[in-house]
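First the structure, in the form of C-alpha cells, and then the observations on it.
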Protein chains: 2
Amino acid sequence: MDTLETRELRYFVAVAEELHFSRAAERLGIAQPPLSRAIQQLERRLGVTLLERDRRGVALTGAGQVLLDEARAILDGAAAAARRTRRAASTTTKLVLATKAGANHELLQRLLDAHTAEVGAVGAVEIEVLLCGMGDQARMLRDGRADVALMQRPFDALAGFDTEDLLTEQQVAVLPAGHPLAARTSLTMADIAAVPDLPVARWPRQDGIYEPGPGPEIHDLSQLAQLIALGHTSAVICASSRSWLWSSHVAVPLTDAPHVTTVLAWAAHSRSRAVAGLVRTAAGLVRTGARL
Amino acid sequence: MDTLETRELRYFVAVAEELHFSRAAERLGIAQPPLSRAIQQLERRLGVTLLERDRRGVALTGAGQVLLDEARAILDGAAAAARRTRRAASTTTKLVLATKAGANHELLQRLLDAHTAEVGAVGAVEIEVLLCGMGDQARMLRDGRADVALMQRPFDALAGFDTEDLLTEQQVAVLPAGHPLAARTSLTMADIAAVPDLPVARWPRQDGIYEPGPGPEIHDLSQLAQLIALGHTSAVICASSRSWLWSSHVAVPLTDAPHVTTVLAWAAHSRSRAVAGLVRTAAGLVRTGARL
DNA sequence: CTGCGGTGATACCGGCTCGGTATGACGGCC
DNA sequence: GGCCGTCATACCGAGCCGGTATCACCGCAG
C-alpha cells in the first residue's frame, strides 16, 4: 500500500509538467479518464492532494512539487538502470564519457592517453567520448547514457554524483582582439563589468533558464566564439579553454574570479570495474600532477 | 517496452538477495510461479539474462549485479519519495536531522541554537534529531526518513548527497587512563599500531562488514567507551567526540591521522525550503567561524 | 535402479486493474 | 444562453497478475 509504481510516477510527471490532464494524456498516449483515475489513486494512496484542480487549470501543491522532483529522479534512475544493465550484458565493455564540447581539450587528451597506456591491450575498455552542450552531462549521467563525465565546479550541478578532482585553474576573460582591455596583462571582474559596450555573455542556468542581463544568451561555444570575434560580447571561461580560441580573440587572466575545478564525475552507486579503473587512472594523473 | 516497474524491481531484488525463488516468493508474500514468470518477463524485456539458473541454486550474472545495485537505489528512492511527499503535505514543517549518536555534540548544539535564533518564531521549522548508529545516516537520507544528516568525511559514504562542510578537525587516540601511552602529549598512528596489548577497535565498513583484525568489533559508542575503560581496546576518533569520554579515558592528539570533516548532507535533489534554510544557517555558522 | 525431496518452469484459471468510450458537472466566453 | 473546454464519473472489455496443480530435472539414500 506504500509502493509507488513507476507507471504512476510517469503519469504524475506528465500531468505536473503539462498542468493539463488532456494534454498529458495525449503525451502519454492514453485517454484522459484513465489518467485522471490514476492520479486520484496515487493521491489516495499517499493520502495527499498533489494537484489543486481549480476551474480553468491545474496547479501543483507543495507536496506535488516535492513529488515531481522525486519522481523525475526516480524515472531517470529507472531509465539509467535499464541502460546500464543492458550495457553490462553486452560483451564489449565500452565506457561512455560525457564532456562539454570544446572544454578541457588537453585534460581529456591526457586522460584518454593515460587510460590507453594503463589498461594496455588486456581487457581493453574502449572509451567513447560523448560531446554535449552546457549542462547536459548531468542528465546523461543520471539517465545512464553516460558512465562518467568531465564537469566543472562550481558551474555544473554535481549533486548526486561521486567526483574526483582533476584540475583547478584560474579563469580568463576572453575579449575581441581590438578591444582596449585586451592589451592588459590582467583584469578583475569589476573591470569587465565596467565596460558597457561589451556585456558579458550569459549561460543558461542548470534549469535551462537564462538570468536576466544585458549580454547575449549563449548555447554553445562556437556561437560564443563568433560573438566575441564580432566584438559583441566577452566571456569568462577557465584557462584551459584557451585551446579553442580564434586568432581574433585575446585571453586575459582574471585575478579575482573564482577558481574552476574540473572533476571526473560518475553515478554515486556505480560499482562498475571499468568506471573504477578510469577513476584510478585519473587520480594517478593528478598525483603525477602536471598542471596545465 | 523499456520501462522498469518498481514491482518488478522489488521482485528481482528479493530473488537476487535470496538466490532462491521459493524463499524470495515467501518473503514477498506471493507464490513461486508468478515470481518466476515476473523475472522471466523482466529478462525478456531487457533482453538480458540476470540470473544463471544452475541446478541447485541461482547465481547473479554481471548484468544482474548491476541491476541489483540500481534497483536498490531506485527502491530506496521510491520509498523516500513517498515519505517526503507525505511529509511535505503535513502542515507542521518538521525537519529530521540524522546524526551519529554521541558524535558532534557541540557542533550540533551550535547548529540547533543558530537555527532557532535565525528562523525565530516565524515559520518556525522544528528540528527533530534522529540519533542513529554508524552508517545509518546515509540510509536514512536515501529512503527519506531523514532530511539532513551530520556525516563525516572520509568515514561516511557521501556519494549521492549534497554537502556543506562544517568543521575540520584532528583525530585523537582514546586510551584507558592507566595505559603507558596515555601519558604522552601526542602520538602517531604507528605508535598505536605498535601496541599489541591494545588492539584498535574496528568499525563496520559501509556495507556492514568488518575488516579482519585483532581489535573488537564495535557497534556503538557506549560499547566502545566501556571496552576502552576496561583496557581492552583503543580507538581513533575525531577531537570533538571528546565530549562523551569517561573519566577513565584519556584522549591524546594524533599528529599523522587524516583530518576528519564533519559535513551537513542532504538528498541531492531536495529543493525543500526548510533544508535550504538550515544549510544557509550552517554555512553562516562556518563563516562566523569559531573552531571547536 | 528407484523412489523421495527439492529446485525452477509450465499450464491453466479467476479476479482485479488498466485503458477505452460515452457522458456528466461546471465554469468561461462570445 | 448556447458553446466550448475543463476534469470527473460510469461502464465495459481485455490483459495481466497471482494462485493451484503439475511437470521436468537433479541429487541422494536405500
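In the text below, chain A, chain B and the rest are named by the order of the sequence lines, each starting its count at 1.
- Counting any heavy atom pair closer than 4.0 Å across all strands shown, A:Gln32 reaches a base atom.
- Of the N and O atoms on the side chains of A:Arg10 and B:Thr3, at least one donor lies less than 3.5 Å from an acceptor on the other residue.
- A:Gln32 and A:Ser36 share a donor-acceptor pair across their side chains, judged by distance under 3.5 Å alone.
- Side chain of B:Ala31, nearest nucleotide from D:dC7, C:dA9, D:dT20: D:dT20.
- A:Arg86 places a side-chain N or O within 3.5 Å of a backbone atom of B:Leu46 that can act as its donor or acceptor partner.
- Of the side-chain N and O atoms in A:Ser22, none sit less than 4.0 angstrom from OP1 or OP2 of D:dG5.
- Among the protein residues, A:Gln41 comes within range of the sugar-phosphate backbone only, with heavy atoms under 4.0 Å from sugar or phosphate atoms but none that close to a base.
- The separation between B:Arg37 atom CZ and D:dG19 atom C1' is 10 Å, rounded to whole Å.
- Comparing B:Ser36 and A:Pro34 by the nucleotide of DNA chain C that holds the closest heavy atom to each, the one mapping nearer the 5' end is B:Ser36.
- Distances were taken from every side-chain heavy atom of B:Pro33 (C-beta onward) to each of C:dG19, D:dT20, C:dG8; the shortest belongs to D:dT20.
- A straight line from CZ of B:Phe21 to P of D:dC23 spans 21 Å, rounded to a whole angstrom.
- Atom P of nucleotide C:dG20 and atom CG of A:Leu35 are separated by 10 Å, given to the nearest angstrom.
- Between the C1' atom of D:dG19 and the CD atom of B:Glu26 lies a distance of 16 Å, rounded to the nearest Å.
- Counted by atom type alone, B:Thr61 and B:Glu52 present zero donor-acceptor pairs between their side chains at under 3.5 Å.
- Spacing between atom CD of B:Glu8 and atom C1' of D:dG18 amounts to 15 Å, rounded to whole angstrom units.
- Annotation: of the two residues near DNA chain D, A:His20 and B:Tyr11, the 5′-most nearest-nucleotide partner is A:His20.
- Each of D:dT6, C:dC18, C:dA9 was ranked by its minimum atom distance to the side chain of B:Arg53; first place goes to C:dA9.
- Between A:Glu52 atom CD and D:dA8 atom P the separation is 12 Å, expressed in whole Å.
- Pairing each heavy atom of B:Glu217 with each of B:Arg202, the nearest pair is CG-NH2, 3.2 Å.
- Set against C:dG19, D:dG18, D:dC7, the side chain of B:Arg7 has D:dG18 as its closest nucleotide.
- Taking atom CG on A:Leu28 and atom P on C:dG19, their separation rounds to 10 Å, with Å as the unit.
- Between the CZ atom of A:Arg44 and the C1' atom of C:dT17 there is a distance of 13 Å, given to the nearest Å.
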